[in-house]
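The structure presented is a predicted model; accordingly, all values stated were derived computationally and were not measured. Heavy-atom basis, side chains included; hydrogens, waters and symmetry copies ignored.
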Amino acid sequence: MAAKTKFRGSFTALVTPFKNGSLDEAAFRSLVNWQISEGTNGLVPVGTTGESPTLSHDEHKKVVEWCIKEAKGRVPVVAGAGSNSTKEAIELAQHAEKAGANAVLVVTPYYNKPTQEGMYQHFKAINDAIGIPIIIYNIPPRSVIDMSVDTMKRLWELKNIAGVKDATASMVRVSQQRAAMGEDFNQLSGEDATILGYMAHGGHGCISVTSNVAPRLCSEFQAAWAKGDHATALKLHDKLMPLHNNLFIESNPAPIKYAMSLLGKLDETLRLPMVPVSEPTRVAVRSAMVHAGLIN
């Protein structure tokens with residue numbers, strides 16, 4: 001029986017709060033509860049936004065466990081389990097399954113630049129090692145490689161490959177993937193700024209950075225779209241668009257952590273090589289938050 005998914009709406013790519021160099025468990029658990037109370041449809045811990053490259057394996061696993069335990073089944077948890085080492089990705093995916101995650105998010109292997117066949121074998125090995133759904137994370141700007149539609153179609157034939165977090169920012173790709181894999185292939189945008197077009201091309205939702213700071217607005221956008229209320233969706237998109245843009249002036253998650261610190265949700269602390277944003281970016285992020293009605 002294939003382990004497919006029907007994830008819909010706004011899924012937050014959660015930041016990882018730090019304090020005094022360590023994980024801030026209290027802030028993280030509070031964040032999970034706030035996200036759910038604000039209407040977020042699902043949670044994605046320890047992805048790129050969660051600074052997974054600078055977490056130890058033990059820290060990574062703790063964050064996944066905290067998220068699952070705090071969510072208490074109220075929303076799905078899609079645990080980040082990617083690595084450019086297949087062996088490491090399998091270990092993280094197996095832990096996520098054991099911890100009770102609903103699915104895992106697995107990024108295309110970065111830096112070592114595998115071929116399409118290498119990517120196929122990487123995901124097949126993870127597929128064969130677990131029994132929960134896998135969402136492929138295709139993000140060429142960070143991974144350098146781009147998984148082709150043909151490779152995705154081959155992977156879709158495996159029992160646990162369920163869908164994609166598509167951060168190509170290509171509107172065409174959504175339609176191409178739907179044509180190749182069908183409506184059951186779960187397509188989630190990984191690009192906040194293009195979400196309106198993504199949904200219009202047949203997408204199912206978004207794994208969002210912006211929803212860390214504007215969970216209710218992102219959720220309302222998805223709800224309006226699902227109801228066919230495109231006028232309201234467009235209005236909400238316009239309200240969020242400066243955030244979608246300005247949260248990426250500098251590398252994610254530095255701007256979003258600054259934005260969340262303005263709401264008092266966490267310390268702005270990042271782990272090197274990430275550093276706090278510059279003053280011009282602070283001005284831009286603050287302005288976008290005012291435009292969205294999040295602060296005065």
>> Using every non-hydrogen atom in the two residues, find where A288 and L243 come nearest and quote the distance to one decimal.
In response: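 Shortest heavy-atom contact: CB-N, 3.6 Å.
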> What are the two closest heavy atoms between I161 and K4, and how far apart are they?
Replying inline: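 Of all heavy-atom pairs spanning I161 and K4, the closest is O-NZ, 2.7 Å.
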Cut-off 3.5 Å, side chains only: do [X] and [Y] have a donor facing an acceptor?
{"X": "H60", "Y": "E91", "result": "no"}
{"X": "N41", "Y": "S10", "result": "no"}
{"X": "N252", "Y": "T49", "result": "yes"}
{"X": "R286", "Y": "N246", "result": "no"}
{"X": "Q35", "Y": "T40", "result": "yes"}
{"X": "N186", "Y": "T5", "result": "yes"}
{"X": "D166", "Y": "T168", "result": "yes"}
{"X": "S278", "Y": "E250", "result": "yes"}

> W156: what forms a ring-ring contact (aromatic ring centres under 6.0 Å, His included) with it, not counting sequence neighbours?
Replying inline: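 W156 satisfies ring-ring contact (aromatic ring centres under 6.0 Å, His included) with F185 only.
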Look at the side chain of [X] and the backbone N and O of [Y], then say whether any donor-acceptor pair between them is shorter than 3.5 Å.
{"X": "N138", "Y": "M147", "value": "yes"}
{"X": "K257", "Y": "T269", "value": "yes"}
{"X": "H291", "Y": "D238", "value": "yes"}
{"X": "S211", "Y": "S208", "value": "yes"}

Decide, yes or no, whether a salt bridge links [X] with [Y] under the criterion of side-chain N to carboxylate O below 4.0 Å.
{"X": "E117", "Y": "R154", "value": "yes"}
{"X": "R29", "Y": "E70", "value": "yes"}
{"X": "D128", "Y": "K124", "value": "yes"}
{"X": "D146", "Y": "R173", "value": "yes"}
{"X": "K239", "Y": "E220", "value": "no"}
{"X": "R271", "Y": "E59", "value": "yes"}

> Side-chain contact, heavy-atom cut-off 4.5 Å: V64 with H95?
Replying inline: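 Touching, per the 4.5 Å side-chain cut-off.
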>> According to salt bridge (Lys or Arg N to Asp or Glu O under 4.0 Å), who are the partners of E191, at least two apart in sequence or on a separate chain?
In response: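 With sequence neighbours excluded, E191 shows a salt bridge (Lys or Arg N to Asp or Glu O under 4.0 Å) to no residue whatsoever.
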> Applying the side-chain contact (heavy atoms from CB on, under 4.5 Å) test to F123, which of I134, N160, T86 qualifies?
Replying inline: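 One option only clears the test, and that one is I134.
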>> Less than 6.0 angstrom from the centroid, inside 45 degrees of the normal: does R142 satisfy that with respect to the ring of Y110?
In response: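 Verdict for Y110: no cation-pi partner in R142.
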> Side-chain heavy atoms under 4.5 angstrom apart, residues restricted to Ile, Leu, Val, Met, Phe, Trp, Tyr: same cluster for F18 and L263?
Replying inline: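 As far as the 4.5 Å side-chain criterion goes, L263 and F18 are connected within one cluster.
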